[in-house]
Protein chains: 2
Amino acid sequence: MSPTKEDYLKILFELGGRTEQVPNKEIANRLSISPPTVTEMMNSLVKAGWVVYTPYKGSKLTQEGTDYAKKLIRKHRLWEVFLVKHLGFNINEVHPEAELLEHSTSAELADRLEAYLEFPEYCPHGGAISTELMEEQEVSTVHLTEAVLGEPVRISRIVDEDKLLQYFENHDLRIGDRVTVTGRDSGLDLLTLNHGTTDKEIQISQTIAQYLFVEHI
Amino acid sequence: MSPTKEDYLKILFELGGRTEQVPNKEIANRLSISPPTVTEMMNSLVKAGWVVYTPYKGSKLTQEGTDYAKKLIRKHRLWEVFLVKHLGFNINEVHPEAELLEHSTSAELADRLEAYLEFPEYCPHGGAISTELMEEQEVSTVHLTEAVLGEPVRISRIVDEDKLLQYFENHDLRIGDRVTVTGRDSGLDLLTLNHGTTDKEIQISQTIAQYLFVEHI
DNA sequence: TTTTAAATTTAGGGTAACCTAAATAACAAC
DNA sequence: GTTGTTATTTAGGTTACCCTAAATTTAAAA
């Protein structure tokens, strides 16, 4: 498996490819490559058994593909914990480092690293580390955009892209914070929140709010 | 820089390409690739300024190439220290792991790792970590095959290839051990040693003895 | 000095992973 | 249901890194 192919599997997982068909365009956008390249790669991933592909519709991960993606994400998150906890990296610096390291990590190394870190449950962005917890987290959390109006939720995970982290940081939104969605304007792409601790009103883009995962409390 | 090109630079350094012209065949052997591939790659490394290449003769590293190779070797050795000291890996298991990790390590990460490890001087195989110490070590150590007959030496470094480590381990040769070369038979490719601690006689292949570096004491 | 052996290069080819431009399919709007 | 827009695929091309077979250069041996 090449790092390139591994990236496709991971992105597919992150875009919901475990349960739904992910259109090529989404993958092309996330990886900043052209759509024809995605088509080509999907055919190759199908041949290798990682993906089921329906032309013009999109791709879904097979069970093997899902398992592989989860292992990669686990490695990624383990490295993030190490980089933050032991090497003193800032939370919004670790993503690109872990992105590289995950592809160079054997199963043996991942297991030993996990033990060394004393079996952390979550990465610095709130993502579950054990593959079992990953499933659970997927069920129990929803995109902030899907939270019920007026009901308080707790921020449990932030998709770790450095620019997004900066955006949420700038709006005083952090893991563990309690917020309540008070308004939604799809026309203006706006989401209005009430911050549980400061009781301040916060406005963020609905599109970007998709990258925040919350749990009802 | 691709991991592939990085490997070429590192091998070149290890084969003495800092001071001497290394023939293509040696590189081909060490990387287990065909000679034409080496020729092709050398032309590419020349164009990028890492290497000076004389057709039919061999290649030497430029100053930039040397510096780059040293940085890679430093990263490699830092990871080895981490894997052995903190993750409990066996010394002869760490080489392949570090071989992968070194290519995914930013300068920032290397520096932080080094500090975390409390600035170790040597890797588990006795190789110097700081780029300055690397130069010094190169001057002060010689291949075991070049040790003066009858004069005691101390084993200071073992080239870290798992198979070699096993070979030396099997002959009770470890870093720090004092030995004296008592005989040399180039026809039979044999080197006879006296082990300083056990006073036993040891016979090893001269070809393989090149991968042991010693210091006169 | 000529011959022979070994190392190296040239020639020609393959796969992976990218690209652009053009053709086609899907879907939404009228 | 035709039309137009958007997504996707097909066609054809590029670069990096690998290969084998054949030609060439170098160096050693006769």
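Sequence lines set the chain letters: A, B, ... in the order given, protein chains first and strands last, and positions in each chain run from 1.
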Enquirer: dC18(C) P sits how many Å from Asn43(A) CG, rounded?
Expert: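 Those two atoms, CG and P, are 15 Å apart.
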Enquirer: Atom CG of Leu31(A) to atom C1' of dA16(C): distance rounded to whole Å?
Expert: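 Nearest whole value for this atom pair: 16 Å.
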Enquirer: Anything under 30° is parallel, anything over 60° is perpendicular, the rest tilted; go ahead and classify Tyr68(B) against Trp50(B).
Expert: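 Tyr68(B) vs Trp50(B) ring planes: perpendicular.
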Enquirer: Do His95(B) and His125(B) have ring centres separated by under 6.0 Å?
Expert: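 Judged by ring-centre distance (under 6.0 Å), His95(B) and His125(B) do not meet the cut-off.
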Enquirer: Could you walk me through whether Ser106(B) and Glu97(A) pass side-chain hydrogen bond (donor to acceptor under 3.5 Å, both in side chains), step by step?
Expert: CA-CA 7 Å; Ser106(B) 68; Glu97(A) 302 279 356; 2.7 Å; yes
Enquirer: Walking along DNA chain D from 5' to 3', note the first and the last nucleotide with an atom under 4.0 Å from a heavy atom of chain A, and give both.
Expert: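 That gives a stretch of dA7(D) to dT10(D).
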Enquirer: Counting side-chain heavy atoms from CB outward, which of dT9(C), dA16(C), dA25(C) is closest to Tyr56(A)?
Expert: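 So the side chain of Tyr56(A) is nearest to dA25(C).
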Enquirer: Hey, are Arg30(A) and Glu14(A) close enough for a salt bridge, meaning a charged N less than 4.0 Å from a carboxylate O?
Expert: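 Looking at Arg30(A) and Glu14(A), the cut-off is met.
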Enquirer: What I want to find out is whether Arg112(B) reaches Glu108(B) closely enough, with some N-O distance under 4.0 Å, to be called a salt bridge.
Expert: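 Looking at Arg112(B) and Glu108(B), the cut-off is met.
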Enquirer: If you apply the rule side-chain hydrogen bond (donor to acceptor under 3.5 Å, both in side chains), what do you find for Ser104(B) with Ser104(A), and how did you get there?
Expert: CA-CA 7 Å; Ser104(B) 311; Ser104(A) 311; 2.8 Å; yes
Enquirer: At less than 4.0 Å, is any side-chain N or O atom of Ser34(A) found next to OP1 or OP2 of dC19(C)? Yes or no.
Expert: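 It does, given that an N or O in the side chain of Ser34(A) lies less than 4.0 Å from OP1 or OP2 of dC19(C).
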Enquirer: Using a cut-off of less than 4.0 Å, is there contact between a side-chain N or O of Lys57(A) and OP1 or OP2 of dC27(C)?
Expert: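 Answer yes for this pair, as a side-chain N or O of Lys57(A) is under 4.0 Å from OP1 or OP2.
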Enquirer: Is the shortest side-chain N to carboxylate O distance from Arg77(A) to Glu114(A) below 4.0 Å?
Expert: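 No.
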Enquirer: Counting Watson-Crick and G-U wobble pairs with both distances under 3.5 Å, what is the dot-bracket string for DNA chain D, 5' to 3', using [ ] for crossing pairs and | for pairs to another strand?
Expert: ||||||||||||||||||||||||||||||
Enquirer: With a 4.0 Å cut-off on heavy atoms, is Thr37(B) in touch with a base, just the backbone sugar-phosphate, or nothing at all?
Expert: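 If one applies the 4.0 Å heavy-atom cut-off, Thr37(B) turns out to touch a base.
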Enquirer: In whole Å, what is the span from the CD atom of Glu6(A) to the P atom of dA16(C)?
Expert: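 Glu6(A) atom CD is separated from dA16(C) atom P by 16 Å.
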Enquirer: Between Met41(B) and Asn24(A), who's closer to the 5' end of DNA chain D by nearest nucleotide?
Expert: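 Taking each residue's closest nucleotide, the earlier one in sequence belongs to Asn24(A).
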Enquirer: Considering only NZ, NE, NH1 and NH2 on the basic side and carboxylate oxygens on the acidic side, decide whether Asp111(A) and Arg74(A) come within less than 4.0 Å.
Expert: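 Between Arg74(A) and Asp111(A) there is a salt bridge, with a charged N closer than 4.0 Å to a carboxylate O.
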Enquirer: Look at Lys10(A) together with Glu6(A) and state whether they make a salt bridge at an N to O cut-off of under 4.0 Å.
Expert: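 Salt bridge flag = no for Glu6(A) with Lys10(A).
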Enquirer: Assign Ser2(B) to base, sugar-phosphate, or nothing according to its heavy-atom contacts below 4.0 angstrom with the strands shown.
Expert: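 Sugar-phosphate: the residue Ser2(B), judged by heavy atoms under 4.0 Å, touches backbone atoms but no base.
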